[in-house]
There are 2 protein chains.
Amino acid sequence: MLIGICEDDPTIRRLVSQAMGFAGHEVLSAHNGGEALRLFGADSAVDVLVMDIGLPDSDGRDVTQALRSAGQVAPVVFLTALGSVHDKLSGFGAGGDDYLAKPFDVKELIARVEALGRRGRPTSHDPSGLVLNPATHGIRSESGQVLLTPTEFRMLAAITSRPGEVVRRRTVVAAAWPDGAVVNENTIDSFIRRIRTKLDSIGSPVTIQTVRGVGFRLL
Amino acid sequence: MLIGICEDDPTIRRLVSQAMGFAGHEVLSAHNGGEALRLFGADSAVDVLVMDIGLPDSDGRDVTQALRSAGQVAPVVFLTALGSVHDKLSGFGAGGDDYLAKPFDVKELIARVEALGRRGRPTSHDPSGLVLNPATHGIRSESGQVLLTPTEFRMLAAITSRPGEVVRRRTVVAAAWPDGAVVNENTIDSFIRRIRTKLDSIGSPVTIQTVRGVGFRLL
DNA sequence: CACCGGCATTCAGGTTGTTGGCATGGTCGG
DNA sequence: CCGACCATGCCAACAACCTGAATGCCGGTG
């Protein structure tokens with residue numbers, strides 16, 4: 001895996017880099033927020049980001065949000081000297097996926113990073129390598145990544161949960177509108193269309209096939 | 001899972017619906033036998049049916065048999081106010097798979113429903129090695145698989161529900177057009193032909209034999 | 001408060017797969 | 001050998017679906 005690190009303290013940076021190297025991962029490191037924005041944009045292939053919250057030039061949460069709006073969907077682990085619940089929550093609010101208070105055990109960091117990187121169906125190992133990130137509503141394949149809207153994401157999640165199998169329209173609706181809202185049939189098609197557009201905007205190898213009169217399936 | 005419930009008592013209906021929702025299942029509910037026949041036909045994707053025996057307009061066992069001959073193969077749990085052994089046996093005789101006496105514990109109902117749902121996943125009880133999947137309208141044999149259209153699927157389901165036995169033309173019609181539509185005799189042949197074509201496009205070992213003047217039979 | 005941008009929803013029109021039925025030719029039973 | 005029944009190929013109508021664009025609905029911003 002390729003891990004992106006944004007951390008101003010050189011000691012921690014080197015420590016983490018070495019440990020990741022031992023664990024078999026590559027590391028790309030940034031010293032501050034500005035560098036992070038350059039290195040970890042949407043075209044960067046990092047699998048997981050490790051982000052210090054207390055950066056010299058900015059707040060790691062702001063950097064993360066900037067990266068998100070630039071299209072970066074990789075999961076993020078925040079590092080911070082502050083251990084309060086409030087900070088933890090604001091970390092998640094900023095689109096973070098995990099949180100670790102300094103001082104931390106390097107092994108724990110590695111474990112969490114690897115867990116995030118693995119995330120994707122453990123059961124139905126989908127052959128496409130399409131990874132959905134619930135924290136950010138982002139999806140990524142080998143060839144790119146893109147952010148989905150909440151409804152788009154729920155809908156796609158329902159379909160990818162059974163790759164290769166047909167998912168009924170009714171099921172897709174139940175997943176996309178959990179409150180049981182009644183929507184025009186056409187609305188479903190509109191969403192499917194936009195998802196398809198986004199899928200192939202990142203050159204994804206997977207496609208959503210429609211099975212007339214039944215539903216959709218991931219191929 | 002998609003659970004179909006047929007129960008006239010609104011209290012029980014709501015109770016069960018909510019509980020199923022909590023357990024992560026979708027629910028489709030019918031108030032009486034007639035509605036059940038419309039909602040839970042062969043093209044319905046229900047994974048398990050919960051059927052009250054004491055319905056206002058009919059007997060749940062009769063409804064179940066009607067659904068069976070319409071090609072519905074999902075397992076059924078019967079609910080009843082009567083707890084006698086006799087009723088229990090007649091429930092099994094009607095093609096039921098489990099039995100629960102009122103008043104019942106909702107947790108127990110959920111447990112049984114889930115057990116049945118897991119047990120017969122791609123449901124079809126036919127010995128020929130042909131597997132029908134109601135959720136996807138797909139059929140599979142050792143040698144391959146195809147997707148059928150909704151009408152094709154209902155028709156084939158009716159025939160495979162009695163492998164080896166002759167199914168009358170009128171029975172096939174009733175299964176394929178549950179709304180009681182009147183169709184040209186020739187239309188049946190057209191569909192049979194399409195099904196046959198798809199069957200041998202996957203090199204299926206089973207074939208549909210026509211019994212002149214009577215109907216069809218799976219061999 | 002007016003404006004803007006993103007999201008959800010709906011509409012209208014074109015496109016395609018499914019249906020149901022026709023015409024034709026074959027096959028079976030008497 | 002004839003009529004009833006079934007198989008086959010084909011086509012028109014329809015419903016399901018796709019597509020592009022317009023509308024309404026917030027939450028944030030100047």
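Every chain is numbered from 1 and lettered A, B, ... according to where its sequence line falls, protein lines coming before strand lines.
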*Asks:* Counting only side-chain N and O atoms of B/Trp177, is one of them less than 4.0 Å from OP1 or OP2 of C/dT19?
*Replies:*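 No, no such contact exists.
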*Asks:* Walk me through it: do B/Leu130 and B/Leu199 pass the test side-chain contact (heavy atoms from CB on, under 4.5 Å)?
*Replies:* CA-CA 10 Å; B/Leu130 191 66; B/Leu199 273 181; 4.2 Å; yes
*Asks:* With 3.5 Å as the limit, what N/O pairs link the protein to nucleotides 28-30 of chain C?
*Replies:*
unit_1	atom_1	unit_2	atom_2	d
C/dC28	O2	B/Arg212	NH2	3.4

*Asks:* Is there a residue in residues 146-157 of chain B whose heavy atoms reach under 4.0 Å of DNA chain D, and which residues are they?
*Replies:*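 Close to the strand, none.
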*Asks:* Please determine if a side-chain N or O atom of B/Thr187 lies less than 4.0 Å away from the OP1 or OP2 oxygen of C/dG21.
*Replies:*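 Result: yes.
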*Asks:* Please report the C-alpha distance between A/Arg169 and A/Asp189 in whole Å, then the side-chain angles of each, then the deciding distance to 0.1 Å, and finally whether the salt bridge (charged side-chain N to carboxylate O under 4.0 Å, His left out) criterion is met.
*Replies:* CA-CA 10 Å; A/Arg169 238 159 192 274; A/Asp189 302 318; 2.4 Å; yes
*Asks:* Closest-nucleotide mapping onto DNA chain C: is A/Val182 or B/Asn184 further toward the 5' terminus? I mean the 5' end.
*Replies:*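 Whichever sits nearer the 5' end wins; that is A/Val182.
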*Asks:* What residues, two or more places apart in sequence or in another chain, satisfy salt bridge (charged side-chain N to carboxylate O under 4.0 Å, His left out) together with A/Asp9?
*Replies:*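 Expected list: none.
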*Asks:* Got a sec, which residues hit salt bridge (charged side-chain N to carboxylate O under 4.0 Å, His left out) with A/Arg168, two or more places apart in sequence or on another chain?
*Replies:*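 Not a single residue meets the salt bridge (charged side-chain N to carboxylate O under 4.0 Å, His left out) criterion with A/Arg168.
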*Asks:* Using the test ring pair (Phe, Tyr, Trp, His ring centres under 6.0 Å), find all partners of B/Phe153 that sit at least two apart in sequence or belong to another chain.
*Replies:* B/His137
*Asks:* Enumerate the salt bridge (Lys or Arg N to Asp or Glu O under 4.0 Å) contacts for residues 193-211 of chain A, please, sequence neighbours excluded, ordered by first and then second residue.
*Replies:* A/Glu152-A/Arg194, A/Glu152-A/Lys198
*Asks:* A/Val167: what forms a side chain to side chain contact (heavy atoms under 4.5 Å, CB included) with it, not counting sequence neighbours?
*Replies:* A/Arg162, A/Thr171, A/Val172
*Asks:* Counting distance only, does the side-chain N/O of A/Asp57 pair as donor-acceptor with the main-chain N or O of A/Gly34 below 3.5 Å?
*Replies:* yes
*Asks:* Taking only residues at least two apart or on different chains, which pairs with a member in residues 203-212 of chain B satisfy side-chain hydrogen bond (donor to acceptor under 3.5 Å, both in side chains)?
*Replies:*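 Listed by first then second residue: B/Gln209-B/Arg217.
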*Asks:* Hey, what bend do you get for the helix from C/dC1-D/dG30 to C/dG30-D/dC1 if you fit axes on five pairs at each end, rounded to 10°?
*Replies:* 20°
*Asks:* Quick one: salt bridge (charged side-chain N to carboxylate O under 4.0 Å, His left out) partners of B/Arg13, sequence neighbours excluded?
*Replies:*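 Counting only residues at least two positions away or on another chain, B/Arg13 forms no salt bridge (charged side-chain N to carboxylate O under 4.0 Å, His left out).
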*Asks:* Enumerate all atom pairs, one protein N or O and one N or O from nucleotides 26-28 of chain D, separated by less than 3.5 Å.
*Replies:*
none

*Asks:* For A/Ile139 and A/Leu148: C-alpha separation, side-chain torsions, deciding distance, then whether side-chain contact (heavy atoms from CB on, under 4.5 Å) applies.
*Replies:* CA-CA 7 Å; A/Ile139 61 175; A/Leu148 301 185; 3.9 Å; yes
*Asks:* Main chain of A/Val166, side chain of B/Thr136: is a donor-acceptor contact present, judged purely on distance under 3.5 Å?
*Replies:*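 Side chain of B/Thr136 to backbone of A/Val166, a donor-acceptor pair under 3.5 Å: no, none is there.
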*Asks:* Which atom pairs link the protein and nucleotides 18-22 of chain D when you take only N or O atoms and keep those under 3.5 Å?
*Replies:*
unit_1	atom_1	unit_2	atom_2	d
D/dC18	OP1	A/Arg196	NH2	2.4
D/dC18	OP2	A/Asp189	OD1	3.4
D/dG20	OP2	A/Arg193	NH1	3.4
D/dG20	OP2	A/Arg193	NH2	2.5

